[in-house]
Amino acid sequence: MDLKLVQKIIPEIVAKTANDGGATYDFRTLSFVEPEDYWYFPKYPDLTEIVSEAALTQSLFRFIYNNQYRVLEKDTVFGTWVNPSTNKVYIDINMFRYRKNEAISVAKELSKTGGRKIVSIYNPYQNKTEYIEH
């Protein structure tokens, strides 16, 4: 992965996160993912980082560098999400499902095996967050 390119992309991700409450980016196509009617959640919940907005730029570079092969996997997208309850930013490698019930089921299973509970799934097309009860 071209780290100079990553340095150029990070300010765009930070700005989109601040303006929209999160960002979804595909490092394979080097573009933001347009909202589609999918439910997104962490593929690797144990890798999720939760940071303050002030620490976002530095944290993004470190996270992407440490996970540069994972963010290029064909079934993943990179994501940020601002938790409206805490104003903390979640940095994740996400997967997605079309059906909400399937997304919740997979997220619950990943919560058991992934080292951290997934607290929600998000559908940017519907602008909805669904909190998961464990």
Side-chain angles (χ1 to χ4, degrees):
M1 178 175 285
D2 182 349
L3 296 179
K4 288 184 180 183
L5 180 61
V6 171
Q7 287 179 317
K8 290 180 182 178
I9 294 167
I10 286 176
E12 295 176 39
I13 294 172
V14 170
K16 190 160 184 61
T17 300
N19 292 334
D20 299 346
T24 305
Y25 194 83
D26 187 336
F27 278 95
R28 290 175 321 282
T29 62
L30 298 175
S31 63
F32 287 99
V33 176
E34 293 299 318
E36 294 183 54
D37 199 6
Y38 290 106
W39 293 91
Y40 293 83
F41 52 93
K43 182 176 182 180
Y44 302 105
D46 55 325
L47 298 179
T48 297
E49 288 191 26
I50 304 169
V51 301
S52 68
E53 289 187 55
L56 185 57
T57 298
Q58 181 178 348
S59 298
L60 283 174
F61 186 81
R62 183 182 65 249
F63 185 92
I64 294 164
Y65 177 79
N66 290 338
N67 295 287
Q68 56 188 300
Y69 298 105
R70 288 184 183 103
V71 299
L72 292 170
E73 292 174 356
K74 67 178 180 177
D75 63 339
T76 63
V77 291
F78 173 79
T80 60
W81 173 67
V82 179
N83 183 330
S85 301
T86 64
N87 287 325
K88 296 286 185 177
V89 181
Y90 286 61
I91 304 171
D92 287 307
I93 300 165
N94 291 311
M95 60 190 310
F96 47 90
R97 294 290 188 271
Y98 177 71
R99 297 184 179 169
K100 180 171 70 170
N101 289 343
E102 182 183 358
I104 290 171
S105 178
V106 173
K108 283 183 176 182
E109 188 60 36
L110 287 172
S111 291
K112 292 177 188 172
T113 61
R116 182 183 73 80
K117 286 185 178 177
I118 298 171
V119 298
S120 66
I121 60 175
Y122 178 67
N123 185 315
Y125 186 80
Q126 297 179 24
N127 193 26
K128 288 185 180 177
T129 299
E130 184 78 26
Y131 291 92
I132 299 173
E133 293 185 30
H134 291 274

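- A donor-acceptor pair shorter than 3.5 Å can be found between the side chains of D92 and T48.
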side-chain contact (heavy atoms from CB on, under 4.5 Å) for T17 and L56? Distances and angles first, verdict last.
CA-CA 9 Å; T17 300; L56 185 57; 4.0 Å; yes
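- Linking ILVMFWY residues whenever their side-chain heavy atoms come closer than 4.5 Å, directly or via other members, leaves L47 and L110 in distinct clusters.
- Side-chain contact, R116 with S111: no donor N or O sits under 3.5 Å from an acceptor N or O.
- A donor-acceptor contact shorter than 3.5 Å links the side chain of Y25 to the backbone of L30.
- Using a 3.5 Å distance cut-off with no hydrogens or angles, the side chains of N127 and Y122 do pair a donor with an acceptor.
- In this structure, L5 is not a member of the same hydrophobic cluster as V33, with clusters built from ILVMFWY side-chain heavy atoms closer than 4.5 Å.
- In this structure, CG in N94 is found 10.5 Å from NZ in K43, a value given to the nearest 0.5 Å.
- Put simply, the side chain of T76 never gets that close to the backbone of M95: no donor and acceptor are under 3.5 Å apart.
- Ring to ring, Y40 and F96 are close: their centroids are under 6.0 angstrom apart.
- Side-chain contact, D37 with Q126: a donor N or O sits under 3.5 Å from an acceptor N or O.
- Using a 4.0 Å cut-off between a side-chain N of Lys or Arg and a carboxylate O of Asp or Glu, K88 and E53 do not qualify as a salt bridge.
- Relative orientation of the F78 and F27 rings is perpendicular, given thresholds of 30° and 60° on the angle between their planes.
- A single hydrophobic cluster is seen to contain both I9 and L3, as judged by linkage of ILVMFWY side chains at heavy-atom distances under 4.5 Å, directly or through other members.
- Annotation: Y131, atom OH; neighbour count of heavy atoms from other residues, nucleotides and ligands within 6.0 Å is above 12.
- One finds the CG atom of L60 at 4.5 Å from the CD1 atom of I91 (value rounded to the nearest 0.5 Å).
- Expressed to the nearest 0.5 Å, how far CH2 of W81 lies from OG of S120 amounts to 4.0 Å.
- The pair R28-D26 counts as a salt bridge, with a side-chain nitrogen and a carboxylate oxygen less than 4.0 angstrom apart.
- Once rounded to the nearest 0.5 Å, the distance linking CD of E109 with CD1 of I118 reads 10.5 Å.
- The shortest side-chain heavy-atom distance between Y65 and V6 does not fall under the 4.5 Å cut-off.
- For the pair S105 (side chain) and N101 (backbone), a donor-acceptor distance under 3.5 Å is absent.
- Panel note: side chain D20, backbone G22; no donor-acceptor pair is recorded below 3.5 Å.
- When every heavy atom of D46 is checked against every heavy atom of G115, the shortest pair comes out as CB-CA, 4.4 Å.
- V77 and I10 are assigned to two separate hydrophobic clusters, defined by single-linkage of ILVMFWY side chains at heavy-atom distances under 4.5 Å.
- Distance alone, capped at 3.5 Å, is enough to place a donor-acceptor pair between the N123 side chain and the Y125 backbone.
- Within the cation-pi definition used here (under 6.0 Å to the ring centroid, within 45° of the axis), R97 does not qualify as a partner of Y38.
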Step by step, would you call E49 with Y90 a side-chain contact (heavy atoms from CB on, under 4.5 Å)?
CA-CA 6 Å; E49 288 191 26; Y90 286 61; over 6 Å; no
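- To the nearest 0.5 Å, atom CG of residue N67 and atom CD of residue E73 are 9.5 Å apart.
- Nearest heavy-atom pair across W39 and K128 is CZ3-O, 3.6 Å.
- More than 12 heavy-atom neighbours from other residues, nucleotides or ligands sit within 6.0 angstrom of CD on E102.
- Under the 4.5 Å side-chain heavy-atom criterion for ILVMFWY residues, a single connected hydrophobic cluster contains both F63 and F32.
- Atom-to-atom distance recorded for I93:CD1 and Y69:OH is 13.5 Å, nearest 0.5 angstrom.
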